[in-house]
**Q** 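Can you keep this structure in mind? I'll have questions shortly.
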Amino acid sequence: MRAVVIHAPRDLRIDRIAAADPAPGEVRVRLAAGGICGSDLHYYQDGGFGTVRISEPMILGHEVAGTVIALGQGVTAVQVGDRVAINPSRPCGHCRYCIEGRRQQCLDMRFYGSAMRFPHVQGAFRDELVIDAAQAFPVGPDTPLQEAAFAEPLSVALHAVAAAGSLIGKRILVTGTGPIGCLVVLAARHAGAGEIVATDICDPALAMARKVGADRTLNVGSDPGALAAFGADKGYFDLAFECSGNARALAGLPGVVRAGGAITLIGLGSEAPLPVSLLVTKEITLRGSFRFDGEFAWATELLAHRGVDVRPLLTDTFPLERAVEAFDLAADRARSMKVQLSFNDHA
Ligand SMILES: [Zn+2]
Ligand SMILES: [Zn+2]
């Protein structure tokens, strides 16, 4: 079967790999759709991010959905023919964090398409994938698998929003309106936010944020002072979600979040100087949010019933063979939001 393999920065190939049979407790899934994530793009463009670097060829991809085509011994929770979103997160289940219910912090995590450990954990952009039955989350017969493939990034957004507590009636700021920022907008709207303002430096991305529920968007590239007015009376926003990974965006937040408010950091990548004295005197909570855990089941359910509508975010789909084109387009924020690969022509 075919797989999308990163060999070195800018060296992305369609390789042939062997198919495996499902062991007891496993199922084989024929993939239909796979979303290209920011981390996939980092491997493609730079060979990794921070200290995480590819040092052997690695199959990319972790946002996938498909159809169960074979069952290993003893599997009863899913059936052949079930259409499923695949949870790419494989925590060990017995380290201290797994036991205390923070499985996204597992000490021995095997997350698809990640070079954080060596040998790297191979990813999911391939025709077929053998998974633990517990990684398969059925979406029912009617949900397009392109939408089901949003379960992973939606889980990331739900994890961040859930950690922030009640959003009902709150004033929300989302900085960075790429796929995760837009999914945070969707999740915040779903969670009852009163007003959502979003910032970015890319007008098409801001237009998308409005389409999925932002009340107001500001281009802080063309107008760097656009947030200044929100600093009056010790700040306007109850909660901020930093999704850009940009140091300037983060540094601006303590000024516009109200006293007693909270900032949740989702975007990776900035080692940012922070106005710490403002955090202290305004008693602002600063928290990180990484990946997800139980939110995957919640995300699958929401997508299956279209409780949130992710369809506007899917801007392009390419057949697996044209993965290089797909990655180049996904890297161009002015022309795309979420780009997916389609497998097996049956999505
Ligand atoms: Zn992702
Ligand atoms: Zn663990």
Side-chain angles (χ1 to χ4, degrees), residues 4 6 31 33-45 48-50 52 58-66 85-117 120-126 129 132 134-135 137 145-161 176-184 186-187 241 243-245 266-269 289-296 298-300 303 308 310 313-316 323 326-327 330-331 333 336-341:
V4 178
I6 187 77
L31 294 188
I36 298 171
C37 179
S39 63
D40 297 316
L41 288 172
H42 281 301
Y43 290 121
Y44 173 59
Q45 294 175 315
F49 42 88
V52 179
M58 182 176 80
I59 303 173
L60 292 176
H62 57 266
E63 302 179 2
V64 292
I86 296 174
N87 186 342
S89 183
R90 291 187 302 152
C92 76
H94 46 73
C95 73
R96 59 184 283 211
Y97 293 109
C98 283
I99 286 167
E100 72 183 41
R102 283 177 196 269
R103 295 189 300 172
Q104 74 278 12
Q105 297 294 341
C106 175
L107 297 173
D108 195 24
M109 174 64 83
R110 291 161 193 272
F111 197 95
Y112 286 152
S114 168
M116 278 185 189
R117 54 192 294 157
H120 303 333
V121 182
Q122 297 294 320
F125 286 165
R126 48 174 115 189
L129 185 63
D132 288 337
Q135 291 175 260
F137 288 73
L145 289 170
Q146 292 95 332
E147 290 176 57
F150 276 86
E152 193 271 345
L154 179 59
S155 301
V156 173
L158 292 175
H159 184 67
V161 167
T177 57
I180 292 294
C182 283
L183 287 164
V184 166
L186 266 172
F241 295 91
C243 304
S244 72
I266 307 157
L268 278 166
S289 180
F290 185 56
R291 291 180 178 160
F292 54 87
D293 187 17
E295 292 86 0
F296 198 90
W298 182 18
T300 308
L303 292 167
V308 298
V310 297
L313 299 177
L314 178 57
T315 49
D316 300 277
F327 272 67
R333 301 192 65 216
S336 70
M337 180 55 70
K338 180 61 78 181
V339 178
Q340 287 186 351
L341 299 175

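Computed from a prediction, not measured in an experiment: that's the story for all the values here. Both counts, for ligands and for their atoms, begin at 1 and track the order of listing. Along the sequence shown, the residues carry numbers beginning at 1. Just so it is clear, the values below take in all heavy atoms, side chains as well, and ignore hydrogens, waters and symmetry mates.
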**Q** E152: which N/O/S atom is nearest the Zn ion (ligand 1)?
**A**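 Going through the N, O and S atoms of E152 one by one, OE1 ends up nearest to the Zn ion (ligand 1).
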**Q** Only to 10 degrees, please: what angle do the SG atom of C95 and the SG atom of C92 make about the Zn ion (ligand 2)?
**A** 110°
**Q** For the residue pair Y43 and F49, categorise the inter-ring angle as parallel (less than 30°), tilted (30 to 60°) or perpendicular (more than 60°).
**A** tilted
**Q** Atom CG in L129, atom CD in Q122: separation rounded to 0.5 Å?
**A**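 Reported to 0.5 Å precision, the distance equals 11.0 Å.
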**Q** At a threshold of 2.8 Å, where the distance has to be below it, does the Zn ion (ligand 2) have an N, O or S atom of C98 nearby?
**A**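 So C98 counts as coordinating the Zn ion (ligand 2), yes.
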**Q** With distance as the sole criterion, is a donor-acceptor pair present between the side chains of Q135 and Y112 under 3.5 Å?
**A**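 Result is yes, a qualifying pair exists.
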**Q** Taking F111 as the fixed residue, which of R117, M116, E152 is the one that meets the side-chain contact (heavy atoms from CB on, under 4.5 Å) rule?
**A**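 The side-chain contact (heavy atoms from CB on, under 4.5 Å) with F111 is passed solely by E152 among R117, M116, E152.
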**Q** Please calculate the SG(C37)-the Zn ion (ligand 1)-NE2(H62) angle and round it to 10 degrees.
**A** 100°
**Q** Should Y44 and I36 be marked as a side-chain contact (heavy atoms from CB on, under 4.5 Å) after you check the CA-CA gap, both sets of side-chain angles, and the distance that decides it?
**A** CA-CA 11 Å; Y44 173 59; I36 298 171; over 6 Å; no
**Q** Restricting to N, O or S atoms, which atom of E63 is closest to the Zn ion (ligand 1)?
**A**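 Looking only at N, O and S atoms of E63, the one nearest the Zn ion (ligand 1) is named OE2.
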